[in-house]
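See structure below.
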Number of protein chains: 2
Amino acid sequence: MFQLDLRESKPLYEQIKEKMKELIISAVLKPDERIPSVRELAQTLTINPNTIQKAYKELENEGFIYSVRAKGNFVAPLEQKAIRPRRDELRKELEKIVAELSYLHEPEEQLISTIQAIYQEKEGKKDD
Amino acid sequence: MFQLDLRESKPLYEQIKEKMKELIISAVLKPDERIPSVRELAQTLTINPNTIQKAYKELENEGFIYSVRAKGNFVAPLEQKAIRPRRDELRKELEKIVAELSYLHEPEEQLISTIQAIYQEKEGKKDD
DNA sequence: TGTCCGTATTATAAGTAATAATACAGTTGA
DNA sequence: TCAACTGTATTATTACTTATAATACGGACA
(Lines give C-alpha, C1' and ligand atoms only; values in the text may rest on other atoms or scores of the structure.)
Protein backbone atom coordinates (compact mmCIF):
# COMPACT_ATOMS: atom_id res chain seq x y z
CA MET A 1 0.00 0.00 0.00
CA PHE A 2 2.79 2.41 0.93
CA GLN A 3 6.07 2.55 2.75
CA LEU A 4 7.34 4.55 5.66
CA ASP A 5 10.59 6.42 6.01
CA LEU A 6 12.12 5.56 9.34
CA ARG A 7 14.89 8.12 8.83
CA GLU A 8 12.31 10.88 8.50
CA SER A 9 11.99 13.05 11.58
CA LYS A 10 8.22 13.11 11.21
CA PRO A 11 6.40 10.75 13.61
CA LEU A 12 5.35 7.43 12.10
CA TYR A 13 1.67 7.98 12.80
CA GLU A 14 1.87 11.31 10.95
CA GLN A 15 3.45 9.63 7.98
CA ILE A 16 0.72 7.03 7.96
CA LYS A 17 -1.93 9.74 8.10
CA GLU A 18 -0.37 11.60 5.21
CA LYS A 19 -0.04 8.58 2.96
CA MET A 20 -3.56 7.47 3.66
CA LYS A 21 -4.90 10.95 2.98
CA GLU A 22 -3.08 11.03 -0.32
CA LEU A 23 -4.66 7.75 -1.36
CA ILE A 24 -8.09 9.03 -0.42
CA ILE A 25 -7.66 12.44 -2.01
CA SER A 26 -6.29 11.00 -5.21
CA ALA A 27 -9.26 8.63 -5.31
CA VAL A 28 -7.07 5.54 -5.32
CA LEU A 29 -9.20 4.53 -2.36
CA LYS A 30 -12.89 5.01 -3.09
CA PRO A 31 -15.63 6.00 -0.63
CA ASP A 32 -16.74 3.12 1.60
CA GLU A 33 -13.78 1.04 0.49
CA ARG A 34 -12.17 -0.93 3.28
CA ILE A 35 -8.63 -0.07 4.30
CA PRO A 36 -6.22 -2.50 5.99
CA SER A 37 -7.00 -3.43 9.58
CA VAL A 38 -4.90 -2.07 12.41
CA ARG A 39 -3.11 -5.35 12.96
CA GLU A 40 -2.72 -6.15 9.30
CA LEU A 41 -1.10 -2.82 8.41
CA ALA A 42 1.08 -2.99 11.49
CA GLN A 43 2.41 -6.33 10.32
CA THR A 44 2.95 -5.10 6.78
CA LEU A 45 4.90 -2.07 7.93
CA THR A 46 6.54 -3.99 10.81
CA ILE A 47 5.58 -1.39 13.38
CA ASN A 48 3.43 -1.48 16.47
CA PRO A 49 -0.37 -1.80 16.10
CA ASN A 50 -0.88 1.05 18.56
CA THR A 51 0.85 3.41 16.15
CA ILE A 52 -1.59 2.48 13.40
CA GLN A 53 -4.45 2.86 15.80
CA LYS A 54 -3.39 6.37 16.66
CA ALA A 55 -3.14 7.32 12.99
CA TYR A 56 -6.55 5.81 12.20
CA LYS A 57 -8.19 7.51 15.14
CA GLU A 58 -6.97 10.91 14.00
CA LEU A 59 -8.00 10.21 10.43
CA GLU A 60 -11.43 9.40 11.76
CA ASN A 61 -11.57 12.62 13.78
CA GLU A 62 -10.63 14.54 10.65
CA GLY A 63 -13.38 12.85 8.69
CA PHE A 64 -11.29 10.88 6.24
CA ILE A 65 -12.29 7.43 7.42
CA TYR A 66 -14.91 5.81 9.62
CA SER A 67 -14.56 2.65 11.60
CA VAL A 68 -17.04 -0.13 12.24
CA ARG A 69 -16.56 -2.42 15.18
CA ALA A 70 -15.39 -5.86 14.29
CA LYS A 71 -15.55 -5.08 10.59
CA GLY A 72 -12.81 -2.62 9.83
CA ASN A 73 -12.02 0.92 8.77
CA PHE A 74 -13.49 2.47 5.64
CA VAL A 75 -13.01 5.54 3.49
CA ALA A 76 -15.53 8.20 4.48
CA PRO A 77 -17.78 9.64 1.76
CA LEU A 78 -17.26 13.36 1.34
CA GLU A 79 -20.64 14.30 2.79
CA GLN A 80 -19.61 13.06 6.19
CA LYS A 81 -16.65 15.37 6.40
CA ALA A 82 -16.53 18.63 8.27
CA ILE A 83 -15.47 20.40 5.13
CA ARG A 84 -15.75 24.01 6.13
CA PRO A 85 -13.11 24.29 8.88
CA ARG A 86 -10.67 22.10 7.02
CA ARG A 87 -10.98 24.25 3.93
CA ASP A 88 -10.35 27.40 5.92
CA GLU A 89 -7.26 25.80 7.37
CA LEU A 90 -5.99 24.80 3.96
CA ARG A 91 -6.59 28.24 2.50
CA LYS A 92 -4.47 29.80 5.22
CA GLU A 93 -1.66 27.34 4.62
CA LEU A 94 -1.87 27.99 0.92
CA GLU A 95 -1.56 31.73 1.46
CA LYS A 96 1.56 31.28 3.56
CA ILE A 97 3.20 29.07 0.98
CA VAL A 98 2.34 31.34 -1.91
CA ALA A 99 3.65 34.34 0.04
CA GLU A 100 6.97 32.62 0.57
CA LEU A 101 7.15 31.44 -3.03
CA SER A 102 6.55 34.95 -4.30
CA TYR A 103 9.26 36.14 -1.92
CA LEU A 104 11.57 33.61 -3.56
CA HIS A 105 10.62 34.98 -6.96
CA GLU A 106 8.65 31.99 -8.14
CA PRO A 107 6.74 33.17 -11.22
CA GLU A 108 3.05 33.67 -10.68
CA GLU A 109 2.23 31.87 -13.92
CA GLN A 110 4.05 28.79 -12.68
CA LEU A 111 1.77 28.48 -9.68
CA ILE A 112 -1.36 29.06 -11.68
CA SER A 113 -0.50 26.40 -14.20
CA THR A 114 0.30 23.99 -11.36
CA ILE A 115 -3.17 24.52 -9.99
CA GLN A 116 -4.76 24.13 -13.39
CA ALA A 117 -2.90 20.88 -13.92
CA ILE A 118 -4.11 19.45 -10.62
CA TYR A 119 -7.71 20.41 -11.30
CA GLN A 120 -7.54 19.05 -14.80
CA GLU A 121 -6.29 15.72 -13.56
CA LYS A 122 -9.19 15.68 -11.15
CA GLU A 123 -11.58 15.93 -14.07
CA GLY A 124 -10.43 12.53 -15.23
CA LYS A 125 -11.41 10.75 -12.05
CA LYS A 126 -14.87 12.00 -11.28
CA ASP A 127 -16.32 9.36 -8.97
CA ASP A 128 -17.21 11.26 -5.84
CA MET B 1 6.86 42.67 17.46
CA PHE B 2 4.54 39.70 17.82
CA GLN B 3 2.91 37.50 20.40
CA LEU B 4 2.96 33.81 21.12
CA ASP B 5 0.06 31.50 21.83
CA LEU B 6 0.91 29.37 24.84
CA ARG B 7 -2.23 27.28 24.41
CA GLU B 8 -1.12 26.31 20.91
CA SER B 9 0.28 22.81 20.68
CA LYS B 10 3.01 23.98 18.34
CA PRO B 11 6.41 24.38 20.05
CA LEU B 12 7.30 27.93 21.03
CA TYR B 13 10.45 27.99 18.94
CA GLU B 14 8.40 26.95 15.90
CA GLN B 15 5.95 29.76 16.52
CA ILE B 16 8.79 32.22 16.77
CA LYS B 17 10.27 30.96 13.52
CA GLU B 18 6.94 31.30 11.76
CA LYS B 19 6.24 34.80 12.95
CA MET B 20 9.71 35.97 12.09
CA LYS B 21 9.48 34.41 8.65
CA GLU B 22 6.19 36.17 8.03
CA LEU B 23 7.74 39.52 8.90
CA ILE B 24 10.65 38.88 6.56
CA ILE B 25 8.53 37.54 3.72
CA SER B 26 6.06 40.39 3.96
CA ALA B 27 9.00 42.83 3.89
CA VAL B 28 8.07 44.38 7.21
CA LEU B 29 11.65 43.56 8.11
CA LYS B 30 14.05 44.67 5.40
CA PRO B 31 17.33 43.00 4.36
CA ASP B 32 20.19 43.69 6.78
CA GLU B 33 17.79 45.10 9.32
CA ARG B 34 18.57 44.10 12.86
CA ILE B 35 16.09 41.93 14.72
CA PRO B 36 15.75 41.79 18.52
CA SER B 37 18.59 40.12 20.40
CA VAL B 38 18.12 36.72 21.95
CA ARG B 39 17.91 38.11 25.48
CA GLU B 40 15.77 41.08 24.53
CA LEU B 41 13.12 39.04 22.72
CA ALA B 42 13.14 36.48 25.50
CA GLN B 43 12.31 39.20 27.96
CA THR B 44 9.62 40.70 25.75
CA LEU B 45 7.91 37.35 25.29
CA THR B 46 8.69 36.25 28.86
CA ILE B 47 10.17 32.96 27.77
CA ASN B 48 13.59 31.44 28.11
CA PRO B 49 16.48 32.85 26.03
CA ASN B 50 17.48 29.36 24.95
CA THR B 51 14.16 29.00 23.19
CA ILE B 52 14.82 32.14 21.16
CA GLN B 53 18.32 30.94 20.44
CA LYS B 54 17.01 27.71 19.03
CA ALA B 55 14.55 29.54 16.79
CA TYR B 56 17.21 31.96 15.56
CA LYS B 57 19.67 29.20 14.87
CA GLU B 58 17.18 27.37 12.69
CA LEU B 59 16.22 30.58 10.92
CA GLU B 60 19.89 31.08 10.19
CA ASN B 61 20.25 27.54 8.85
CA GLU B 62 17.28 28.17 6.60
CA GLY B 63 18.84 31.35 5.31
CA PHE B 64 16.35 33.86 6.68
CA ILE B 65 18.71 35.63 9.04
CA TYR B 66 22.42 35.85 9.71
CA SER B 67 24.10 36.54 13.01
CA VAL B 68 27.15 38.59 13.83
CA ARG B 69 29.02 37.96 17.03
CA ALA B 70 28.54 40.59 19.64
CA LYS B 71 26.41 42.68 17.27
CA GLY B 72 23.15 40.89 16.75
CA ASN B 73 20.98 39.03 14.27
CA PHE B 74 20.02 40.50 10.92
CA VAL B 75 17.63 39.80 8.07
CA ALA B 76 19.49 37.96 5.31
CA PRO B 77 19.40 39.42 1.81
CA LEU B 78 17.78 37.07 -0.66
CA GLU B 79 21.00 36.32 -2.52
CA GLN B 80 22.40 34.53 0.51
CA LYS B 81 19.58 32.06 0.64
CA ALA B 82 19.64 28.53 -0.68
CA ILE B 83 16.58 29.27 -2.75
CA ARG B 84 16.39 26.21 -4.97
CA PRO B 85 15.75 23.42 -2.43
CA ARG B 86 13.36 25.54 -0.43
CA ARG B 87 11.34 26.36 -3.51
CA ASP B 88 11.11 22.69 -4.44
CA GLU B 89 9.88 21.94 -0.96
CA LEU B 90 7.25 24.65 -1.12
CA ARG B 91 6.03 23.52 -4.52
CA LYS B 92 5.45 20.03 -3.17
CA GLU B 93 3.53 21.35 -0.18
CA LEU B 94 1.48 23.53 -2.46
CA GLU B 95 0.56 20.58 -4.63
CA LYS B 96 -0.64 18.60 -1.63
CA ILE B 97 -2.77 21.44 -0.40
CA VAL B 98 -4.29 22.15 -3.78
CA ALA B 99 -5.03 18.45 -4.23
CA GLU B 100 -6.91 18.36 -0.96
CA LEU B 101 -8.73 21.60 -1.70
CA SER B 102 -9.88 20.28 -5.05
CA TYR B 103 -11.02 17.12 -3.29
CA LEU B 104 -13.09 19.36 -1.01
CA HIS B 105 -14.59 21.06 -4.07
CA GLU B 106 -12.88 24.38 -3.61
CA PRO B 107 -13.41 26.26 -6.89
CA GLU B 108 -10.30 26.53 -9.03
CA GLU B 109 -10.98 30.21 -9.71
CA GLN B 110 -10.93 30.91 -6.00
CA LEU B 111 -7.37 29.64 -5.66
CA ILE B 112 -6.17 31.47 -8.71
CA SER B 113 -7.54 34.77 -7.54
CA THR B 114 -5.95 34.20 -4.13
CA ILE B 115 -2.59 33.80 -5.79
CA GLN B 116 -3.13 36.84 -7.95
CA ALA B 117 -4.02 38.90 -4.91
CA ILE B 118 -0.86 37.89 -3.08
CA TYR B 119 1.35 38.66 -6.04
CA GLN B 120 -0.36 41.96 -6.60
CA GLU B 121 0.21 42.99 -3.02
CA LYS B 122 3.85 42.13 -3.51
CA GLU B 123 4.02 44.65 -6.33
CA GLY B 124 3.35 47.42 -3.86
CA LYS B 125 6.38 46.68 -1.74
CA LYS B 126 9.18 46.23 -4.20
CA ASP B 127 12.31 46.77 -2.10
CA ASP B 128 14.18 43.51 -2.44
C1' DT C 1 36.10 48.82 31.31
C1' DG C 2 31.35 47.83 31.79
C1' DT C 3 27.60 46.46 29.09
C1' DC C 4 25.50 44.28 25.52
C1' DC C 5 25.94 40.92 21.98
C1' DG C 6 26.10 35.66 20.10
C1' DT C 7 27.42 31.12 21.50
C1' DA C 8 28.00 26.92 24.27
C1' DT C 9 27.27 23.64 27.96
C1' DT C 10 25.01 21.02 31.47
C1' DA C 11 21.06 19.83 34.31
C1' DT C 12 16.24 19.15 35.10
C1' DA C 13 11.31 18.53 34.37
C1' DA C 14 7.33 17.74 31.51
C1' DG C 15 5.39 16.14 27.44
C1' DT C 16 5.30 13.21 23.16
C1' DA C 17 6.17 9.06 20.38
C1' DA C 18 6.71 4.30 19.99
C1' DT C 19 6.78 -0.20 21.65
C1' DA C 20 4.87 -4.03 24.30
C1' DA C 21 1.61 -6.99 26.39
C1' DT C 22 -3.10 -7.76 27.41
C1' DA C 23 -7.96 -7.68 27.60
C1' DC C 24 -12.82 -7.01 26.09
C1' DA C 25 -16.57 -7.11 22.78
C1' DG C 26 -18.80 -7.45 18.27
C1' DT C 27 -18.88 -9.94 13.48
C1' DT C 28 -18.56 -13.64 10.52
C1' DG C 29 -17.99 -17.96 8.27
C1' DA C 30 -16.83 -22.78 8.57
C1' DT D 1 -21.24 -23.00 18.12
C1' DC D 2 -16.75 -21.29 18.01
C1' DA D 3 -12.40 -19.97 16.14
C1' DA D 4 -10.56 -16.19 13.93
C1' DC D 5 -10.91 -11.87 12.77
C1' DT D 6 -12.25 -6.99 13.71
C1' DG D 7 -11.99 -2.23 16.63
C1' DT D 8 -11.15 -0.45 21.18
C1' DA D 9 -8.99 0.34 25.69
C1' DT D 10 -5.55 0.22 29.33
C1' DT D 11 -1.15 0.19 31.58
C1' DA D 12 3.89 0.13 31.57
C1' DT D 13 8.33 1.30 29.75
C1' DT D 14 11.76 3.57 26.97
C1' DA D 15 13.61 7.19 24.20
C1' DC D 16 13.25 11.61 22.36
C1' DT D 17 11.68 16.50 22.32
C1' DT D 18 10.53 20.76 24.38
C1' DA D 19 11.28 24.27 27.63
C1' DT D 20 13.43 26.13 31.51
C1' DA D 21 17.44 27.35 34.35
C1' DA D 22 21.97 28.71 35.54
C1' DT D 23 26.39 29.73 33.94
C1' DA D 24 30.35 30.74 31.22
C1' DC D 25 33.28 32.46 27.28
C1' DG D 26 34.69 35.85 23.99
C1' DG D 27 33.99 39.68 20.77
C1' DA D 28 32.22 44.71 19.99
C1' DC D 29 32.00 49.23 21.37
C1' DA D 30 31.02 53.64 23.63
(request) Would you kindly compare Leu12(A) and Ala70(A) by the position of their nearest DNA chain C nucleotide and give the one closer to the 5′ end? (result)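 It is Leu12(A), whose closest nucleotide lies nearer the 5' terminus.
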
(request) Go through the steps for Glu100(A) and Arg87(B) under the test salt bridge (charged side-chain N to carboxylate O under 4.0 Å, His left out), then give the verdict. (result) CA-CA 9 Å; Glu100(A) 186 167 348; Arg87(B) 243 180 8 190; over 6 Å; no

Could you state the [atom1]-[atom2] distance from [X] to [N], rounded to the nearest angstrom?
{"X": "Ile65(A)", "N": "dG7(D)", "atom1": "CD1", "atom2": "C1'", "value": "11 Å"}
{"X": "Leu41(B)", "N": "dA19(D)", "atom1": "CG", "atom2": "C1'", "value": "15 Å"}
{"X": "Ile16(A)", "N": "dA18(C)", "atom1": "CD1", "atom2": "C1'", "value": "11 Å"}
{"X": "Phe74(B)", "N": "dA28(D)", "atom1": "CZ", "atom2": "P", "value": "13 Å"}
{"X": "Lys10(B)", "N": "dG15(C)", "atom1": "NZ", "atom2": "C1'", "value": "18 Å"}

(request) Count the heavy atoms of every other residue, nucleotide or ligand shown that sit under 6.0 Å from CD of Gln43(A), and state whether that count exceeds 12. (result)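 No, because the 6.0 Å sphere around CD of Gln43(A) holds 12 heavy atoms or fewer from other groups.
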
(message) So that I can tick it off, tell me whether Arg86(A) and Glu89(A) are bridged by a salt bridge, with the cut-off set at under 4.0 angstrom between side-chain N and carboxylate O.
(response) yes

(request) Inspect the contact between Lys21(B) and Glu62(B) and indicate whether a charged nitrogen and a carboxylate oxygen are less than 4.0 angstrom apart. (result) yes

(request) May I ask you to verify whether the side chain of Arg39(B) and the base of dG6(C) hold a donor-acceptor pair under 3.5 Å? (result) yes

Side-chain N,O ([X]) to OP1/OP2 ([N]) below 4.0 Å:
{"X": "Tyr13(A)", "N": "dA18(C)", "value": "no"}
{"X": "Ser37(B)", "N": "dC5(C)", "value": "yes"}
{"X": "Lys71(B)", "N": "dC29(D)", "value": "yes"}

Among the nucleotides [options], which one has an atom lying closest to any side-chain atom of [X]?
{"X": "Arg69(B)", "options": "dA18(C), dG6(C), dG26(C)", "value": "dG6(C)"}
{"X": "Pro11(A)", "options": "dT8(D), dG6(C), dA18(C)", "value": "dA18(C)"}
{"X": "Asn73(A)", "options": "dG7(D), dT6(D), dT8(D)", "value": "dG7(D)"}

(request) Please tell me if the side chains of Tyr66(A) and Pro77(A) come closer than 4.5 Å, counting only heavy atoms from C-beta onward. (result)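 The answer is yes; the side chains approach within 4.5 Å.
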
(request) May I ask you to say what Glu14(A) touches in the nucleic acid, namely base, sugar-phosphate or nothing, with a heavy-atom cut-off under 4.0 Å? (result) nothing

(message) Expected output is a numbered-order residue list: members of residues 43-59 of chain B with a heavy atom under 4.0 Å from any atom of DNA chain C. What is it?
(response)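 Residues of residues 43-59 of chain B under 4.0 Å from DNA chain C: Asn50(B), Gln53(B), Lys57(B).
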
Listing, residues 47-58 of chain B side-chain donor-acceptor contacts under 3.5 Å, not counting sequence neighbours, or none:
residue  : atom : partner  : partner atom : Å
Asn48(B) : OD1  : Asn50(B) : N            : 2.9
Tyr56(B) : OH   : Pro36(B) : O            : 2.7
Glu58(B) : OE1  : Lys17(B) : NZ           : 2.7

List the atom pairs, with distances to 0.1 Å, where a side-chain N or O of residues 109-121 of chain A and a protein N or O form a donor-acceptor pair under 3.5 Å, not counting sequence neighbours.
residue   : atom : partner   : partner atom : Å
Ser113(A) : OG   : Glu109(A) : O            : 3.3
Ser113(A) : OG   : Gln110(A) : O            : 3.1
Thr114(A) : OG1  : Gln110(A) : O            : 2.9
Tyr119(A) : OH   : Glu106(B) : O            : 2.4

